[in-house]
Structure formats: structure tokens, C-alpha cells
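To start, the structure itself, in C-alpha cells.
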Amino acid sequence: MTTVSAALAAARAKLPAGEARLLLGHVLDRSAAWLVSHDDQVLDEDELLAFASLVARRADGEPVAYLLGRREFFGREFTVSSAVLIPRPETELLVDIALAGVDAGGTARILDLGTGSGCIAITLALEIPQAQVTAVDASAAALGVAQQNAERLGAEVRLLQSHWFDGLAGERFDLVVTNPPYIAAADPHLLAGDLRREPVAALASGADGLDAIRQIVAAAPAHLAPGGWLWLEHGYDQAEAVRALLAAAGLSAIDQHRDLAGIVRVSGGRRA
Ligand code: GLN
């Protein structure tokens, strides 16, 4: 007979205690608090097998978010699969900045480029009632995940398969946001930890990591309404390069924000 506490103790040989609790809670469909108060509960064979399988997959490097099939972002639960980047807490900064810039009264045509799970676009659609939100991704599988999230969270988002602005000829937006891939292709981080299991197209972008950002920034002015803003997330060491790209594209009022770790993480500019 294996109890909750015995199963967790056994898993600790392979995993941190917090991860083991998340995985067992997922198998039992119970909270961490329930596990603590029911540590002498006996697990049946199916539960033990399911837990052992998740522990083995985690020990083999699968991200916890993929094993649970979900990750919290901006206070809401998003479905995730290995077709999409796992939403990151630092990306909430991009959402905060976008929200601060939207005029409370007027309509807002918003575009999210490379939406992945849809976490940015769906959050903006839910936080800004008057927004008309479009989200694009080059990956049909990612759009499927975004579609599920939009439906489950009750957000109205127009989803389109498009490589950056390619499918949006002639369309203009008041706000364009993006968390594009921005890691250098040879960066050893890509071979470590959870990044190994995430879609490489969502992470890496050319020799200096700036290929996607260069394309997006160069094309942005043609898709911004007068006075419209482009905001993008980028790597810890890319603030100067991104500022220069925004300026070279003719955007003005260039502004940069630090994440909670103090790193300049989000940059933006406005079309005059
Ligand atoms: N927009 C999605 C996110 O922020 C996906 C970003 C990406 O795949 N680079 O999570």
C-alpha cells in the first residue's frame, strides 16, 4: 500500500518536492493543500502508474507545464502543448505596458504576432473590452492551441495563420505586440533545461537572435495606424540593438522597460 506521502518521498529521488507535488496533484485532480492534509491517503494502482509515468517523463526533461497541459499567465490558466512556447512571467510585462497604453475610451485594433498559446492576445482581449484583437502564428498547431484557449476563456480573437505580417496586407493596427523568438541559434541555453523541449522556431532566430525582430520592426510602420505603437519583448542583451532597429524604422518616442529582474526586456516605439 502506497500512501500520498510515500509516493512523494519516493519521487524525491528524481525530482524536487514541489514538482512531485504538482504532478501527483494532477494525477489525483487535487490541490497541493489537499495533498498535505491527506498524506496518509492510499493510492490505487492506476494512480501510482500514472504518477510514475509523469515522474519519469519529468526526470527525462519534459517541462512540467507540458505534463500538466497548462500554465498560468496573468491570473488565468492557459492550455499548453509542446506545439507552443510555455508562457513566461516576464511576458506579463509586455501585457502591462500594452494595457497602460490603450486609450480607455476609443476602439483599439490590436495585433499579436507569433501568438503561440495565445496568452498575450487573449489576455488583451479579456482585459480591454473594446479591443478588436487579431493574433497570427506561422504554426497551424500553435493556432489550434490558441483557439482552444480563446474558446475556454471566452475571448474573441481573430486567429490567422501568417508569418509575421505576411497575411495582413493593407491592414493597420493601433497596437502591435510580439514576443518573437530572440535567442541566438548557437546559444547553449537552447540545449539545456526546458528549452530543449520547446518549439525551436518559437525560441531561436538567426546568428544573433535578432532575425525575427529585424523583420518585424522593418515591416511594422506599414501596419501601424498613425500614432500606433509597436511593443516587443527581447533578450537580456538586445536592448541597444532593438532601440537602434526601432529608430532605423522611423518609429519615435522609443521607450524601454525593465522586467522584475531589472533587465531591459520590452522596447517599443510609435508611428508618427
Ligand atoms: N506569444 C507567445 C508567448 O508569449 C509565444 C511567443 C513565442 O513563441 N516566441 O508565450
Side-chain angles (χ1 to χ4, degrees), residues 61 63 80-91 93-94 97-98 111-121 134-143 145-146 160-169 173 175-224 229-251 254-259 261 263-269 271:
V80 296
S81 77
S82 58
V84 301
L85 194 79
I86 299 165
R88 308 289 205 268
E90 53 267 39
T91 302
L93 174 64
L94 182 62
I97 292 164
L111 171 64
D112 176 25
L113 295 167
T115 198
S117 65
C119 62
I120 298 170
T134 300
V136 304
D137 205 288
S139 156
L143 286 172
V145 175
L160 285 179
Q161 190 170 7
S162 168
H163 179 68
W164 309 135
F165 293 106
D166 289 357
L168 297 165
F173 300 87
L175 172 65
V176 176
V177 291
T178 182
N179 176 24
Y182 53 70
I183 301 176
D187 189 318
H189 288 107
L190 292 170
L191 304 174
D194 286 0
L195 295 193
R196 279 173 302 169
R197 302 303 185 97
E198 292 182 283
V200 70
L203 291 167
S205 195
D208 60 359
L210 287 166
D211 280 8
I213 290 178
R214 268 190 288 269
Q215 290 174 36
I216 290 168
V217 172
H223 294 278
L224 286 169
W229 280 89
L230 168 67
W231 285 108
L232 46 95
E233 179 175 322
H234 51 73
Y236 69 97
D237 56 354
Q238 294 171 335
E240 281 321 303
V242 171
R243 170 182 283 276
L245 289 170
L246 292 168
L251 297 175
I254 293 167
D255 197 6
Q256 299 189 296
H257 295 262
R258 290 176 194 276
D259 65 16
I263 295 164
V264 177
R265 179 64 72 183
V266 174
S267 297
R271 200 197 132 185

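Treat the numbers as computed from the prediction; the structure is a model and nothing was measured. We're numbering straight along the sequence, starting at 1.
Here side-chain hydrogen bond (donor to acceptor under 3.5 Å, both in side chains) pairs that include residues 81-90, with residues two or more places apart or in two chains, are Arg88-Glu198. Applying the salt bridge (charged side-chain N to carboxylate O under 4.0 Å, His left out) test to every pair with at least one member in residues 179-194, sequence neighbours left out, gives these pairs: Arg58-Asp194. Listed by first and then second residue, the salt bridge (charged side-chain N to carboxylate O under 4.0 Å, His left out) pairs that reach into residues 199-217 are Asp208-Arg214, Asp211-Arg214, sequence neighbours excluded. Residue pairs satisfying the side-chain hydrogen bond (donor to acceptor under 3.5 Å, both in side chains) criterion with at least one member in residues 238-250, sequence neighbours excluded, are listed as follows: Arg243-Gln256.
Remark: Trp231 pairs with Trp229, His257 by the ring pair (Phe, Tyr, Trp, His ring centres under 6.0 Å) rule, at least two apart or across chains. Thr178 is linked by a side-chain hydrogen bond (donor to acceptor under 3.5 Å, both in side chains) to nothing, counting only residues two or more places apart in sequence or in another chain. Taking the side chain to side chain contact (heavy atoms under 4.5 Å, CB included) definition, one finds that Ala141 meets it with Ala83, Ser139, sequence neighbours left out. Residues passing the side chain to side chain contact (heavy atoms under 4.5 Å, CB included) test with Ala169: none are found, sequence neighbours excluded. With sequence neighbours excluded, no residue forms a side chain to side chain contact (heavy atoms under 4.5 Å, CB included) with Pro89. The side chain to side chain contact (heavy atoms under 4.5 Å, CB included) test applied to Ala98 returns Leu124, Leu175, Val177, not counting sequence neighbours. Under the rule for a side-chain hydrogen bond (donor to acceptor under 3.5 Å, both in side chains), the partners of Arg197 that lie at least two apart in sequence or sit in another chain are Asp60.
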Residues 113-121, side-chain donor-acceptor partners within the protein, below 3.5 Å, at least two apart:
unit_1: Thr115; atom_1: OG1; unit_2: Asp112; atom_2: OD2; d: 2.7
unit_1: Ser117; atom_1: OG; unit_2: Cys119; atom_2: N; d: 3.3

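Considering every non-hydrogen atom in both Val176 and Leu224, the closest pair reads CG2-CD2, 3.6 Å.
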